[in-house]
Amino acid sequence: MLVILALAAAPAAAQEFQPTAALDTIVVQFTGKNIGQEGGARTEIDKRLRLARCPAPQLEWRSPAHDAVLVRCMAPAWRIFVPVIAVPQPKPAPVAAAPAPAVVKAEPVIRRGDPVTVEVGSAGFSVTRDGVAMNDAAPGARIAVKVDDRQPPLQAIAVEPGRARLPGAK
C-alpha cells in the first residue's frame with residue numbers, strides 16, 4: 001500500500017518544480033534576443049535545476065553592463081542568474097583633457113647652510129632662536145633648522161630670507 005502511495009505522489013511532486021523552458025521563454029522576451037544570439041542568453045537554463053514553482057517570476061538586469069539577467073521569485077524565495085552574450089559597447093571618443101596649469105616653483109628664500117632666526121610668539125611676547133638651515137625652502141615651505149648640536153633640528157616654516165616661524169605661531 002505504501003509503495004502505491006509513493007508512486008501516485010511522484011507525478012504530483014514533479015509538477016511542483018518550475019519548468020526551466022518557461023524561464024528560458026521569459027528570458028528571451030526580456031532580452032529581446034534568442035538563446036545563443038548576441039544580447040541573448042548564452043545557453044538554456046539547466047534542465048536539472050529544481051526550483052519551486054513560481055506564479056510570477058521577476059526579471060531585471062544584474063548590472064548596467066547587461067551581462068546577466070536576474071530571474072527571481074518572491075514566494076517561494078529563489079533567484080538565479082542567466083549569463084548573457086555581451087553586446088560590444090561603442091567606446092566613447094576620448095575627451096581632450098584641458099592642459100594642466102604650469103606649476104611655478106617658488107625660488108627658495110632660505111638655502112641650506114644659511115643662518116636662520118626661528119621665532120615663535122603671540123600678542124605681547126616673542127621668542128627667537130638662531131640656527132642653521134638644513135635644507136632649501138621657499139616662502140611657506142617647511143625647513144629643518146639646527147639650533148643645538150645635542151638636539152634634533154626644529155621644523156619651521158620659511159617666511160623670508162634668514163627668518164622662519166614655528167608652525168602654529170601667529
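Throughout, residue positions are numbered sequentially from 1 according to the sequence presented.
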Report yes if some heavy atom in the side chain of [X] is under 4.5 Å from a heavy atom in the side chain of [Y]; otherwise report no.
X: M74; Y: Q58; answer: yes
X: V71; Y: F81; answer: no
X: T31; Y: V69; answer: yes
X: R163; Y: V109; answer: no

What about [X] and [Y], same hydrophobic cluster or not, with Ile/Leu/Val/Met/Phe/Trp/Tyr joined at side-chain heavy-atom distances under 4.5 Å?
X: I143; Y: M134; value: no
X: L51; Y: I45; value: yes
X: V116; Y: L166; value: yes

Using 0.5 Å steps for rounding, measure from the [atom1] atom of [X] to the [atom2] atom of [Y].
X: D46; Y: R50; atom1: CG; atom2: CZ; value: 9.0 Å
X: L23; Y: I80; atom1: CG; atom2: CD1; value: 5.5 Å
X: R79; Y: E60; atom1: CZ; atom2: CD; value: 9.5 Å
X: K47; Y: T20; atom1: NZ; atom2: OG1; value: 5.0 Å
X: R53; Y: E16; atom1: CZ; atom2: CD; value: 9.0 Å
X: Q151; Y: K146; atom1: CD; atom2: NZ; value: 8.0 Å

Legend entry - E119 bridged to R165 by N-O distance under 4.0 Å: yes
Legend entry - Whether F30 and W61 hold their rings parallel, tilted or perpendicular, with breakpoints at 30° and 60°: tilted
Inset, instruction - Take D136 and R111 through the test salt bridge (charged side-chain N to carboxylate O under 4.0 Å, His left out) and record every step on the way to the result. - result: CA-CA 4 Å; D136 294 350; R111 300 237 179 233; 3.5 Å; yes
Inset, instruction - Answer yes or no: does atom CZ of R112 have more than 12 heavy-atom neighbours from other residues, nucleotides or ligands under 6.0 Å? - result: no
